[in-house]
Structures are given as C-alpha cells and as structure tokens.
Amino acid sequence: AKDEGKNTFRMFCEELTRSSRERINLIHALQHALDRNELCLHYQPKIDNANGKVTGVEALLRWTSPEVGSIPPDRFIPLAEESRLIIPIGEWVVRTACSQQVAWKRAGCDLSMAVNISAVQLKSPELIQTIQRIIEETGIEPEQLELELTESCLVDRPDEVIKVLEKLRALRCSIAIDDFGTGYSSLSYLKNFPVTVLKIDRSFVKDLTSSSSDRAIAQSVVNLANNLDMVTVAEGVEHQHQQAVLEEIGCNFVQGFLHCEPVPPEEIPDIVRARNGE
Ligand code: C2E
Ligand code: CA
Ligand code: CA
Ligand code: CA
C-alpha cells in the first residue's frame, strides 16, 4: 500500500511536469506565431432580428502551428494572457480586424466589427493609445468598432475600469459585455459602466426552450438592456426554436451556427450579399 502511494505520487509528478512542459512548449510556439504568420482571424456574422440582415461580424482568433496543428482559442488565449503575449497578439487582432472592416466597406460591404479584448489588455496602460492609433491608421469609423469585454474584466478594480471605458467611449467605440450573466458581479455596477451592448451567454441560449428559468434570465437581460438604453446580442444560437424565443423576448441581434459559423474573410462578402439580398 505504501508503494502504491509512492507510485501514485510519482505518476502525479510526471503528469504535472508533462503538462507544464506542454504549456511551456505552447507558450514558446506562441511567441513565434505572430512573426511566422500562423495566426489568422475568422469572422462570424451577426444578424439583426428586426430585418434578418447581417449588420456586423465578430473577429475570432485562429492559430495553426506547423508543429502542433490547430489549437483552439480556449486553450491558447489563457497562455497568451499568462505570458502577456496577448498584448502584441491583441494589438495585431484589432489592427487586422479594423483593416478588414475598411477593405470590405470600400468593396460595398458595410459591417460593424466586434473584437474580443482580454482583461490583460484592458489593464495595460497602452490600450487607449493603441486603439486610437489603429483607428487613425486604418480609417475605420470608431462607431463601427465594438470592443467585447467579459464580465470578469469589470469586477476587479471597477473604478479604474470605468475610467478606461470612458476613454474608449470618448474615442466613440462601442463597448459590449461578453458572456453576460456568467460573472459574479452585482447588477448595480452596470449603470456606472458606459456600456452599449449586452451579449447573452451561450449557456442561457442552450436550453432556452426547455428551461423556463433560462428563458426568464434571457428575458430579464433584454428588459435590463432596454431600460438602460443598451442593445442585446444572443450568442450560440443553433436551432430555429431558440431563434423564435429570442425574437419573442425582443433580443436585438443573434449569432450562432444556425445562421453562420465563423468563416475566413474571403467568404464574408458572398454570405452578406446572399443574406441581405444586395
Ligand atoms: P466568445 O467571445 O464567447 O466567442 C464565441 C465562441 O462561440 C467562439 O468560439 C465561436 O466560434 C463559438 N460559437 C459561435 N456560434 C456558436 C454556436 O452556435 N454554437 C457553439 N457551440 N459555439 C458557437 P471560439 O472561436 O473557439 O472562441 C472561444 C473564445 O476564445 C471566445 O469566446 C473568446 O473568449 C476567446 N477569443 C477568441 N478570439 C479572441 C481574440 O481575438 N482575443 C481574445 N482576447 N479572446 C478571443
Ligand atoms: Ca465575444
Ligand atoms: Ca461566450
Ligand atoms: Ca467567452
């Protein structure tokens, strides 16, 4: 029995070194991902429930490493945050997304552009200047740039966060709270944050038609947003029955596989033309 304990402990240590070695290898590979052009953005259309048209897209980061293959963002974004590589990577994301928005617009495809911003970026003192510079360099209309921040970004040091958000609003960018309802914060902070969009998390959309409590939560988010002059976006809409409920409760915009999955940039103009009938 004593040996068994030892063995378990040894296996535990080996497991631990293996996983930390894997993490270190991934961080190392990520350091070169930008220079080696291994990162790209896919874009997921956002549909206006008022008319069924595509009015915007969300940029979603993709990484394919020649050594490791394709690595999902849920796996590499946390490592990029830990290593602070998210600062240069996040800057690349905003610049690439804004240039793409302007290129589409010149080609007659006018869409708003939503970009995910990590808590590490939000806390970086350079964020405001970086965004301002990218707006100037790319020529994007700042009103068409929407910054998605998770609720968890906002709870820690709210007074400082409010100042940053106010500066972003002064640049005329939109601000969305991503994964709304999944954080641990109180609702009272919402009225103090200059936020324009609430994104209803996929976890509430999933059982929207079978769970009366999830439907009540989604309805409450829509009512709250309406009362605070914000708009709502539901994410992760996969089925027509979810879409029907979202329309019924007055959700403004939808995103999800039902309408379109995230696609490479070259596919967007045809999708928009087909859907918007232009
Ligand atoms: P998120 O911001 O909540 O993005 C939505 C995720 O749901 C995306 O996963 C998208 O592909 C997926 N999705 C969209 N529609 C559906 C659907 O109908 N059903 C299901 N099951 N999933 C759907 P993805 O692209 O794997 O990204 C995962 C997360 O990684 C994002 O969650 C976001 O938090 C983060 N992320 C992605 N790109 C960036 C980025 O450029 N910067 C930062 N900081 N984070 C990013
Ligand atoms: Ca998002
Ligand atoms: Ca989400
Ligand atoms: Ca998320």
Side-chain angles (χ1 to χ4, degrees), residues 43-60 74 111-117 119 122 143-156 158 161-162 165 168-169 173-262 275-276:
Y43 297 89
Q44 185 176 40
K46 183 165 73 186
I47 285 106
D48 188 344
N49 272 342
N51 53 23
K53 290 188 175 181
V54 179
T55 54
V57 291
E58 175 179 358
L60 292 157
D74 284 334
L111 300 167
S112 67
M113 177 60 73
V115 179
N116 293 285
I117 302 288
L122 195 69
E143 289 84 356
Q144 294 192 292
L145 176 59
E146 188 173 301
L147 305 170
E148 297 194 359
L149 311 166
T150 57
E151 203 180 351
S152 55
C153 286
L154 311 179
V155 286
D156 170 36
V161 171
I162 289 174
L165 299 193
L168 291 171
R169 289 294 293 142
C173 299
S174 302
I175 297 168
I177 302 187
D178 213 346
D179 299 343
F180 187 72
T182 60
Y184 297 97
S185 48
S186 92
L187 287 180
S188 62
Y189 73 95
L190 254 189
K191 69 172 198 292
N192 300 320
F193 283 90
V195 163
T196 45
V197 182
L198 296 184
K199 291 196 83 173
I200 302 172
D201 191 60
R202 183 163 82 228
S203 58
F204 302 116
V205 173
K206 194 170 155 280
D207 299 319
L208 203 53
T209 47
S210 57
S211 154
S212 58
S213 55
D214 282 354
R215 183 186 167 122
I217 289 169
Q219 180 73 74
S220 305
V221 175
V222 169
N223 295 346
L224 181 70
N226 288 344
N227 291 330
L228 295 172
D229 275 325
M230 301 170 185
V231 299
T232 43
V233 182
E235 59 172 36
V237 184
E238 295 182 355
H239 304 287
Q240 187 53 48
H241 55 84
Q242 297 165 330
Q243 171 66 30
V245 173
L246 289 163
E247 285 176 25
E248 233 174 85
I249 67 174
C251 177
N252 305 105
F253 299 92
V254 283
Q255 270 179 284
F257 297 164
L258 172 68
H259 301 288
C260 190
E261 43 185 79
R275 179 112 197 177
N276 295 9

Quick one: do Arg215 and Val245 satisfy side-chain contact (heavy atoms from CB on, under 4.5 Å)? Show the steps, please.
-> CA-CA 8 Å; Arg215 183 186 167 122; Val245 173; 3.7 Å; yes

Check the side chains of Asp178 and Thr150 for a donor-acceptor pair under 3.5 angstrom, ignoring hydrogens and angles.
->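 Not at all, the side chains of Thr150 and Asp178 share no donor-acceptor pair under 3.5 Å.
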
Close side-chain approach of [X] to [Y], heavy-atom, < 4.5 Å:
X	Y	answer
Asn192	Pro158	no
Val233	Glu58	no
Ile47	Arg275	yes
Met113	Tyr43	yes
Ile162	Phe193	yes
Val195	Ile175	yes
Val254	Glu247	no

Show your working on side-chain contact (heavy atoms from CB on, under 4.5 Å) between Leu165 and Leu122 and close with a plain yes or no.
-> CA-CA 9 Å; Leu165 299 193; Leu122 195 69; 4.3 Å; yes

Of the non-hydrogen atoms in [X] and [Y], which two are nearest, and what is the gap between them?
X	Y	value
Ser203	Thr182	OG-CG2, 4.0 Å
Leu60	Pro262	CD1-CG, 3.7 Å
Cys251	Ile200	SG-CD1, 4.3 Å
Ser174	Glu143	OG-O, 3.8 Å
Val205	Leu246	CG1-CD1, 4.4 Å

[X] [atom1] to [Y] [atom2] distance, which is reported to the nearest 0.5 Å:
X	Y	atom1	atom2	result
Lys199	Leu149	NZ	CG	11.5 Å
Asn223	Leu228	CG	CG	11.0 Å
Leu111	Lys53	CG	NZ	12.0 Å
Glu238	Gln243	CD	CD	12.5 Å
His241	Leu258	NE2	CG	9.5 Å
Leu147	Asn116	CG	CG	9.5 Å

Please confirm whether the backbone N or O of [Y] pairs with a side-chain atom of [X], one donor and one acceptor, at under 3.5 Å?
X	Y	answer
Asn252	Thr232	yes
Gln242	Lys206	yes
Gln44	Cys260	yes
Glu235	Arg202	yes
Asn276	Val54	yes

Assess whether side-chain contact (heavy atoms from CB on, under 4.5 Å) is satisfied between Met230 and Ile177, documenting all intermediate values.
-> CA-CA 10 Å; Met230 301 170 185; Ile177 302 187; over 6 Å; no

Does the side-chain contact (heavy atoms from CB on, under 4.5 Å) test come out yes or no for Phe180 and Leu190, once each step is laid out?
-> CA-CA 11 Å; Phe180 187 72; Leu190 254 189; 3.9 Å; yes

Any ion pair linking Glu146 and Lys46 (charged N to carboxylate O, less than 4.0 Å)?
->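 Salt bridge flag = yes for Glu146 with Lys46.
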
Checking side chain to side chain contact (heavy atoms under 4.5 Å, CB included) against Gln219, which of Ile249, Asp214, Leu208 comes through?
->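 One option only clears the test, and that one is Ile249.
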
